[in-house]
Enquirer: 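One structure coming up, written as structure tokens, with questions to follow.
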Number of protein chains: 2
Amino acid sequence: MAFALAGIMNRGNRKSPGDRCPIDRTMQVVGTRSAILLMREALFGTSRFDDFVVRTGLTDAVVAARLRDLVQAGLLSKEPYREPGQRTRHAYALTDSGRDLMPAVLALGQWGAKHARGAVGRTFRHVECGEPVRTVVECTAHHRPAVEQIEVS
Amino acid sequence: MAFALAGIMNRGNRKSPGDRCPIDRTMQVVGTRSAILLMREALFGTSRFDDFVVRTGLTDAVVAARLRDLVQAGLLSKEPYREPGQRTRHAYALTDSGRDLMPAVLALGQWGAKHARGAVGRTFRHVECGEPVRTVVECTAHHRPAVEQIEVS
DNA sequence: CGGCATCCTGTATGATACTG
DNA sequence: CAGTATCATACAGGATGCCG
């Protein structure tokens, strides 16, 4: 029961959103339903505004606002492109930073598929081998520690 | 570039919070800063109300409300206990469901440590071997697919 | 210590309408 | 198609005070 981490994440206990814990900072960037939903779609290849609207079910106003936030936060890039004979459009693409959010998004989906009532249980699979994909916590020595076996340094 | 997943998560595109995508459902349960912060502390061993308040920096009112939500959602359990000669108190403990959220919480922290400005870069380590811990996405055949190599089934 | 009740502000999101 | 503008609602979260 030697929980090594208790309490160390928040020394300063400053008021309001001043927390410097990485988890907290992340929540301040992508801690809304709309942001996560849009990142989910971006991770799955959606790039056009209207597709984001249709596939997330969010309103266009929310999509516009959140997309702007995500671009400014560096998770997405907005690039103009022009197909021959067409007018200029914008494509939203994942940046490396945005791509790094994949484990978190998949982990959230994994929890929901298992524990959230009403969730449709879909499985993610590796295209090349067809095996289901999951997120695992492991150390560089390839151990899979339980919660109690993780400390902060 | 054959993004296998685009758009399939949200067929019904029902209005508002009716989405059945597991990611969305999860966000509806733990999609607030306070919920994630409290789960972070719970994962790190915090069990008493006041410790949650101090270590998250949230107000007691918010902690009380969110703790109640998390207990009702099955992520935490609330159990009365009594130390000899003391009055009855309550201890909040992780359930199996709550413990399953660990990969997501760590993944969020991992992203923040790398990409969020102002985040204190702490490293999580496996207590027994001292090696840093991270979340990885892998299939059961132990491949580590990139975003474009994941499909849904 | 471990909460709950009340008030207040800010923001996330929906609905609707309008524009190039 | 890709947004912007405006209005209305709901909720997160802070501040304060009360209670057993």
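As the structure is a computational prediction, the values presented were derived from the model and not from experiment. Per chain, numbering begins at 1; letters A, B, ... match sequence-line order.
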Enquirer: Got a sec, which residues hit side chain to side chain contact (heavy atoms under 4.5 Å, CB included) with B/Glu131, two or more places apart in sequence or on another chain?
Expert: A/Cys139, A/Thr140, A/Ala141, B/Cys129
Enquirer: Parallel, tilted or perpendicular for B/His126 and A/His143, by the 30°/60° rule?
Expert: perpendicular
Enquirer: Give the nucleotide from the list D/dT4, D/dA2, D/dG13 with an atom nearest to the side chain of B/Val62.
Expert: D/dG13
Enquirer: Please tell me if A/Arg48 has a side-chain N or O lying less than 4.0 Å from either OP1 or OP2 of D/dA2.
Expert: yes
Enquirer: Looking only at the side chain of A/Arg89 (C-beta and beyond, no hydrogens), which of the listed nucleotides D/dA2, C/dA15, C/dG3 gets closest?
Expert: D/dA2
Enquirer: Given atom CZ of B/Phe52 and atom P of C/dC1, what is their separation to the nearest angstrom?
Expert: 16 Å
Enquirer: Between A/Leu58 (CG) and C/dA15 (P), how many Å, whole number?
Expert: 11 Å
Enquirer: Between B/Arg66 and B/Asp60, which residue's closest nucleotide on DNA chain D lies nearer the 5′ terminus?
Expert: B/Arg66
Enquirer: Using whole Å, report how far CE of B/Met27 lies from C1' of D/dC11.
Expert: 14 Å
Enquirer: Can you tell me how far the CG atom of B/Leu70 sits from the OH atom of B/Tyr92, to the nearest 0.5 Å?
Expert: 10.0 Å
Enquirer: Have a look at the helix from C/dC1-D/dG20 to C/dG20-D/dC1 and give the angle its two end axes make, five pairs each, rounded to 10 degrees.
Expert: 40°
Enquirer: B/Ala65 near the nucleic acid: base, sugar-phosphate alone, or nothing, with a heavy-atom cut-off under 4.0 Å?
Expert: nothing
Enquirer: Does C/dA12 have OP1 or OP2 under 4.0 Å away from a side-chain N or O of A/Ser34?
Expert: no
Enquirer: Applying a 4.0 Å non-hydrogen cut-off, can you work out what A/Tyr92 is touching in the nucleic acid: base, sugar-phosphate, or nothing?
Expert: sugar-phosphate
Enquirer: On DNA chain C, compare the nucleotides closest to B/Ala61 and B/Asp51; which residue's is nearer the 5' end?
Expert: B/Asp51
